[in-house]
Q: 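Encoded as structure tokens, here's the structure I'll be asking about.
Lettering of chains follows the sequences in order, A, B, ..., and the numbering in each one begins at 1. The model shown is predicted, which means the values in this text are computed figures rather than measured ones.
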There are 2 protein chains.
Amino acid sequence: MNVFSLDDSVGYTINIIANLLKRELNDEFKREGVEVMAEQWALLLRLQERAGMNQLELAQATSRDNASITRSLVVLEKKQLIERQQVDQDRRDKYLALTPAGQALVPRMVACAQQVLERATQGMTTEEVTLFNQIIRKMIGNLS
Amino acid sequence: MNVFSLDDSVGYTINIIANLLKRELNDEFKREGVEVMAEQWALLLRLQERAGMNQLELAQATSRDNASITRSLVVLEKKQLIERQQVDQDRRDKYLALTPAGQALVPRMVACAQQVLERATQGMTTEEVTLFNQIIRKMIGNLS
DNA sequence: CAAAACTAATTGATATATCAAATATGTGCA
DNA sequence: TGCACATATTTGATATATCAATTAGTTTTG
């Protein structure tokens, strides 16, 4: 047996490209003086899309582990990019929202992400990229 | 501004699917009693493809940071799945190879990976998967 | 109403990635 | 030949992910 080629294995190549993209985005953030890590920018974006989520909702919205969200939020709160507010009704919940500083950061992060994406998708058409993303989303659906 | 949608952003979706695949593969390994982590199986596969690499070559062959390779190899050596041998010529190099136990593990890891991949690519044709992988490899090339 | 079941968030343990600096070794050349 | 430069690996510091267990608060129900 063993007709298995690592380079033909989507699970392997996806891992590689995810790591490369993360590195590139961190570099770009550093260059542009955006003081967040690649993993956190998705949280900030989600909160901009929809403020008032609690942590569980944010974890689901980003397909991430809940414990990991807690720790990311601690960092983001320390940087005063988000706020966690207790609301009367249920004292377990922490309602999440961007601070003004957090909101101001979003367009700069978006610019960095687009920069990186442009480099990554060089030589690909818009249609290809869109199709590619549809496939990924189908796979995400399959595993969720 | 702000016509930016997180879900349409390939950088974001790739990160999500990579994390999901890693989780699934770790689950599958656990179920099958394969005692390695998702990140390490690629190293073992590469060494099976080509024994005798040194660490730098292995780092390049897997697009990973060299320091990270060192630490993974320590783990794999402790589990007696790989050997690191000094060769006379250059005492800096550590020549890497699978042990018999490591070789025996490879087909079981491959089976797990194929299992996970089948779940992830449900509803996709072989052609779609192949095309998808070609796009990823193009992106990897763009960023390497 | 009080105990059991449930829910949201946190914490502990373990595993990994990356960059930068340190070690150890080798090579070239002035 | 000895010093500057190059190379291979390791280590330190920092950041993240996941699972399992814990803490704290809420709801259900006998």
Q: Show me the protein contacts with nucleotides 23-25 of chain C, counting only N or O atoms at under 3.5 Å.
A:
unit_1: dT25(C); atom_1: O2; unit_2: Arg92(B); atom_2: NH1; d: 3.3

Q: Apply the test side-chain hydrogen bond (donor to acceptor under 3.5 Å, both in side chains) to residues Thr70(A) and Gln55(A): give CA-CA distance (whole Å), side-chain angles for both, the deciding distance (0.1 Å), then the verdict.
A: CA-CA 7 Å; Thr70(A) 293; Gln55(A) 292 190 197; 3.1 Å; yes
Q: Within this structure, what is the CD-to-C1' distance between Glu39(A) and dA17(D), rounded to whole angstrom?
A: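 Rounding to the nearest Å, CD of Glu39(A) and C1' of dA17(D) are 9 Å apart.
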Q: Please work out which residues in residues 57-67 of chain B have a non-hydrogen atom less than 4.0 Å from an atom of DNA chain C and list them by number.
A: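 Per residue number, the list reads Arg64(B), Asp65(B), Ala67(B).
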Q: According to a 4.5 Å side-chain heavy-atom criterion applied to Ile, Leu, Val, Met, Phe, Trp and Tyr, with indirect links allowed, do Val34(B) and Leu44(B) form part of one hydrophobic cluster?
A: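 Hydrophobic grouping puts Val34(B) with Leu44(B).
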Q: Would you tell me if any nitrogen or oxygen in the side chain of Lys30(A) comes within less than 4.0 Å of OP1 or OP2 on dC19(C)?
A: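 No, Lys30(A) has no side-chain N/O under 4.0 Å of OP1/OP2 on dC19(C).
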Q: If two hydrophobic side chains count as joined below 4.5 Å and joins carry through other members, does Leu143(B) share a cluster with Tyr12(B)?
A: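 Looking at the clustering, Tyr12(B) is in the same group as Leu143(B).
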Q: Using a strict cut-off of less than 4.0 Å between a Lys/Arg side-chain nitrogen and an Asp/Glu carboxylate oxygen, indicate whether Arg84(B) and Glu77(B) qualify as a salt bridge.
A: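 The answer is yes: the pair qualifies as a salt bridge.
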Q: Please report, rounded to the nearest Å, how far the C1' atom of dA15(C) is from the CD1 atom of Ile69(B).
A: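 After rounding, the gap between these two atoms is 15 Å.
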Q: Tell me the interatomic distance from Met53(A), atom CE, to dA8(C), atom P, rounded to whole angstroms.
A: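 Distance check: Met53(A) CE to dA8(C) P gives 15 Å.
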Q: Walk me through whether Leu73(B) and Leu58(B) qualify under side chain to side chain contact (heavy atoms under 4.5 Å, CB included).
A: CA-CA 10 Å; Leu73(B) 291 178; Leu58(B) 188 53; 4.1 Å; yes
Q: Got a sec? Which of residues 6-14 of chain A come in under 4.0 Å of DNA chain C, heavy atoms?
A: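 Residues of residues 6-14 of chain A that come under 4.0 Å of DNA chain C do not exist, since none gets that close.
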Q: Any donor-acceptor pair under 3.5 Å linking the side chain of Asn66(A) with the backbone of Ala59(A)?
A: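 Side chain of Asn66(A) to backbone of Ala59(A): no pair is present.
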Q: Which whole-number value in Å describes the distance from Glu28(A) CD to dC19(C) P?
A: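 Taking CD of Glu28(A) and P of dC19(C), I get 15 Å after rounding.
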Q: If you look only at pairs with a residue in residues 92-133 of chain B, which of them pass as a ring pair (Phe, Tyr, Trp, His ring centres under 6.0 Å), with sequence neighbours excluded?
A: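 As it turns out, the ring pair (Phe, Tyr, Trp, His ring centres under 6.0 Å) pairs with a partner in residues 92-133 of chain B, which skip direct neighbours, are Phe132(A)-Phe132(B).
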Q: Kindly check if the number of other-residue, nucleotide or ligand heavy atoms within 6.0 Å of CD (Gln80(B)) is above 12?
A: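 No, the 6.0 Å shell around CD holds no more than 12 heavy atoms from other groups.
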Q: Would you confirm whether Thr13(B), through its side chain, and Val10(B), through its main-chain N or O, come within 3.5 Å as a donor-acceptor pair?
A: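 Yes, Thr13(B) side chain to Val10(B) backbone: donor-acceptor pair under 3.5 Å.
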Q: Should the pair Arg108(B)-Glu32(B) be classified as a salt bridge under the 4.0 Å nitrogen-to-oxygen rule?
A: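 No, no charged N to carboxylate O under 4.0 Å.
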Q: Gln86(A) has an atom CD; how far is it from atom P of dA24(D), in whole Å?
A: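 The distance from CD of Gln86(A) to P of dA24(D) comes to 13 Å, rounded to the nearest Å.
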Q: Using every non-hydrogen atom in the two residues, find where Phe4(A) and Leu45(B) come nearest and quote the distance to one decimal.
A: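 Where Phe4(A) meets Leu45(B) most closely, the heavy atoms are CD2-CD1, 4.0 Å.
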Q: If you look at every heavy atom in Asp8(A) and Arg137(B), which pair is closest and at what distance?
A: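 Taking every non-hydrogen atom into account, OD1-NH1, 3.2 Å.
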Q: Which one, dA8(D), dT10(D), dA15(C), comes nearest to the side chain of Leu56(B)?
A: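 Given the options dA8(D), dT10(D), dA15(C), the side chain of Leu56(B) is closest to dA8(D).
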Q: According to a strict under-4.0 Å criterion, is Gln55(A) in side-chain N/O contact with OP1 or OP2 of dT10(C)?
A: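 Yes, such a contact exists.
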Q: Nearest-Å distance, CH2 (Trp41(B)) to C1' (dT16(C))?
A: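 For the pair Trp41(B) CH2 and dT16(C) C1', the rounded distance is 18 Å.
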Q: Before accepting this row, confirm whether a basic side-chain N of the pair Glu39(B)/Lys22(B) lies closer than 4.0 Å to the acidic partner's carboxylate O.
A: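 Answer for the salt bridge query: yes.
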Q: Using a strict cut-off of less than 4.0 Å between a Lys/Arg side-chain nitrogen and an Asp/Glu carboxylate oxygen, indicate whether Arg46(A) and Asp7(B) qualify as a salt bridge.
A: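 Counted as a salt bridge, because a side-chain N and a carboxylate O are separated by less than 4.0 Å.
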Q: Of Asn54(B) and Ser68(A), whose closest DNA chain D nucleotide lies nearer the 5' terminus?
A: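 The residue mapped nearer the 5' terminus is Asn54(B).
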Q: Salt bridge or not for Glu24(B) and Arg31(B), using N-O below 4.0 Å?
A: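 A salt bridge is absent here (no side-chain N lies under 4.0 Å from a carboxylate O).
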Q: Among residues 70-81 of chain B, which residues get a heavy atom nearer than 4.0 Å to DNA chain D?
A: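 Listed by number, they are Thr70(B), Arg71(B).
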Q: Taking CG from Asn26(A) and P from dT14(D), how many angstroms apart are they, rounded to a whole number?
A: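 The distance from CG of Asn26(A) to P of dT14(D) comes to 16 Å, rounded to the nearest Å.
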Q: For DNA chain D, determine which residues of residues 16-24 of chain B have any heavy atom closer than 4.0 angstrom to one of its atoms, and list them numerically.
A: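 Within residues 16-24 of chain B, the residues near DNA chain D are Asn19(B), Arg23(B).
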Q: Describe, in one word, how the ring planes of Trp41(A) and Phe29(A) are oriented to each other, choosing from parallel (under 30°), tilted (30 to 60°) and perpendicular (over 60°).
A: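 The rings of Trp41(A) and Phe29(A) stand perpendicular, inter-plane angle above 60°.
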Q: Ignoring backbone atoms, test whether Gln40(B) places a side-chain nitrogen or oxygen under 4.0 Å from the OP1 or OP2 oxygen of dT16(C).
A: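 So the side-chain polar atoms of Gln40(B) do come within 4.0 Å of the phosphate oxygens OP1 or OP2 of dT16(C), strictly under.
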Q: Do you know which of Val75(A), Leu47(A), Leu105(A) makes side chain to side chain contact (heavy atoms under 4.5 Å, CB included) with Leu81(A)?
A: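 When Val75(A), Leu47(A), Leu105(A) are each tested with Leu81(A), the side chain to side chain contact (heavy atoms under 4.5 Å, CB included) holds only for Leu105(A).
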